[in-house]
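Indexing begins at 1, ligand by ligand and atom by atom, following the structure's order. In this text the structure is predicted, and so the values were computed from the model without any measurement.
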Amino acid sequence: MADENPNSPYRKVGIVGGGTAGYLTALALKKQIPHLEVTVVESESIPVIGVGEATTPLIVMFLHQGLGLDAAEFYRVVQPTWKLGIKFEWGLPGDYAFHYPFDRNDSWNAIQQTGDIRNGCLTSVFMKNDKSHMLRSAGGSKLTPIHNKTNYAYHLENECFIGYLRSKLKDAGVEMRLGTIQEVKLNEAGTAIDHLFSPELGNLSFDLYVDCSGFRSVLLEKAMGSKFISYADSLYTDSAWTVTRPNNGQPKPYTTAVTMDHGWTWIIPVRTEDHLGYVYSSGFCDDESALAEMKRKYPDAIDPKLVKFRVGRHEQAFVGNVMSVGNSFGFVEPLESTGIHMIISTILEFVRNFPKSDNDVTSRQTINTTTNATWDNIRWFLGVHFRFNKRFETEFWKTCREKVDISGFETIRQLFYEKGPFLENGIDENPDYRHLGRYTIFPWNAFDLFMLGQGELPHEVATKIPAKTRGDLANKAVVWDQIQLRALPQNEALAAIDTWPSLVGSRN
Ligand SMILES: Cc1cc2nc3c(=O)[nH]c(=O)nc-3n(C[C@H](O)[C@H](O)[C@H](O)COP(=O)(O)OP(=O)(O)OC[C@H]3O[C@@H](n4cnc5c(N)ncnc54)[C@H](O)[C@@H]3O)c2cc1C
């Protein structure tokens, strides 16, 4: 539980960095531990990374319930679109696609009974038909969002989202200082930060420091020397071209991930345009060739920008009196939109285990163990996407299928072949296997989905599934198809919310 003792030695917290990580950390600390004096120091000369626009359902709960930010105002100012899941043009050759909806997808029964894995739940059926989760009543006169029954996330314009968060800092009691940290002075033993120096602000001293400086990792890596642990054996990509294209005001209600020759492209629909990014490996393709491939596939794309990154995490998120949140600690390419998800999840862990003093080793260890294990689990799970994608025969994909390291998932993979699918065989509810899912942010049915979706089958699967579980998905799919007929396309649903803000739904 957070330290709410106003006499705690930790009163003054300095956050370096004014991106998504810095602002969300500042707002959460003030909300959950109000006696803290929280200061954000950000540089005017170092821009935020500017990508980070597809999210997961955790953000909806965190913004509106955790931070108490008003949903109607959020829709008005930030203009988000909904994300019901991810459409993967992935796995098998041809026009094939499968969905990763944010609701529990009964993948095996969908394949067996309807011949289409995308019929595994209502949300996936909405996605298949480019519909939102806003329903028109049978007579057509009433609109009902079914937010409370379905999971969803947001697509955000990064700049707009960061501007909105910044506008909330003052009212929350967070102090803002503009300055670039040029020096970090450690204590004599070299175990903690003594003070920071910025030419604009002079010396700055705090009890606790939070590194939200993005890939620069100014405090954690550069000052405290926390080593970087690369994930490059599992995830080969290190570069991305981002572009935009018009979407005629008809945003799809999902992110799309499209297999490319040397990686993949994200398509993130915001209100009037799509934001795309070709994530590729410079070991297999130079920057110019990647851009040329992108232009061939998306001729209406404009405004290309190149982003370079490294995948991995640092040895520890909390060292001495420094905690690290966001890209300064870890990053994996955005195939499952884990960036902002992990910012939030790290903040929740930090607040829950906020240390009581310099000697509070247990809190630091808990934060480090959980954060590391959760990031590593994401590494292995993303590796599965690359290891089993059979869509293309290029050098990049052939190498992925042969060599991508998913050793941390070996037990789960074997379990899938021997006892899968997990949902139908009750593995997800079996306490014997609970330890395998301890640090994952993905549910068991996601593993079924990514194996089955990419054409991997359990051994002797048909004989193992109890007959009673085979029965009713075909009937449900018929009902879901009827329901989607009453669902609005996203642009109409968002226009309705602009007119009647109360429609945002009670979950917010
Ligand atoms: C190609 C790509 C695609 C991505 N797509 C997604 C996505 O779809 N969804 C998602 O959730 N995440 C995505 N991410 C991750 C995303 O970047 C992060 O989740 C998010 O933007 C948080 O960044 P940050 O706040 O850690 O760093 P930044 O946004 O880089 O902010 C760093 C801040 O630190 C400040 N700073 C740096 N050095 C100093 C200094 N010396 N002194 C003072 N201030 C300093 C900067 O001025 C800035 O304010 C993507 C990342 C990449 C690379």
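For ligand 1 and I343, the ligand atoms under 4.0 Å from any heavy atom of the residue are 19 (O), 22 (C). The E53 neighbourhood of ligand 1 comprises atoms 7 (C), 8 (O), 9 (N), with distances under 4.0 Å to a heavy atom of that residue. Every atom of ligand 1 is numbered from 1 in the order shown, and the set under 4.0 Å from a heavy atom of G326 is 26 (O).
For ligand 1, the polar-atom distance check against V16 finds no nitrogen or oxygen pair separated by under 3.5 Å. Considering backbone and side-chain N/O atoms, F215 never comes within less than 3.5 Å of an N/O atom of ligand 1. Between V51 and ligand 1, at least one N/O pair is under 3.5 Å apart. Ligand 1 has a nitrogen or oxygen under 3.5 angstrom from a nitrogen or oxygen of A21. Polar contact check, V218 against ligand 1: no nitrogen or oxygen pair lies under 3.5 Å apart. The distance criterion of under 3.5 Å between nitrogen or oxygen atoms is met by N327 with respect to ligand 1.
Among S45, A54, P47, the residue whose heavy atom lies nearest to atom 9 (N) of ligand 1 is A54. The option with the heavy atom closest to atom 43 (C) of ligand 1, from among S213, S324, G179, is G179. Closest heavy-atom approach to atom 32 (C) of ligand 1 within the set G17, G18, C212: this belongs to C212.
F228 does not carry R313 over the face of its six-membered ring by the limits of under 6.0 Å from the centre and within 45° of the normal.
Between E293 and R296 no salt bridge is recorded (no basic side-chain N to carboxylate O distance below 4.0 Å). We find that D207 and K12 are not joined by a salt bridge, their nearest charged nitrogen and carboxylate oxygen being 4.0 Å or further apart.
Heavy-atom separations between F331 and ligand 1 include at least one value shorter than 4.0 Å. Assignment of T55 to the shell around ligand 1 is not supported, since no heavy atom sits closer than 4.0 Å.
With contacts defined as side-chain heavy-atom distances shorter than 4.5 Å, the pair I181/V41 qualifies.
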- Might you work through the side chain to side chain donor-acceptor pair (under 3.5 Å) test for N151 and D103, ending with a clear yes or no? CA-CA 6 Å; N151 284 315; D103 281 315; 3.2 Å; yes
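A donor atom on one side chain and an acceptor atom on the other are found under 3.5 Å apart for S43 and T180. Judged by distance alone, the side chains of S226 and E315 never bring a donor and an acceptor atom under 3.5 Å apart.
Under the 3.5 Å distance criterion, the side-chain polar atoms of W380 are left unmatched by any main-chain donor or acceptor of D405.
The heavy-atom pair separating L204 from L201 by the smallest distance is CD1-CD1, 4.0 Å.
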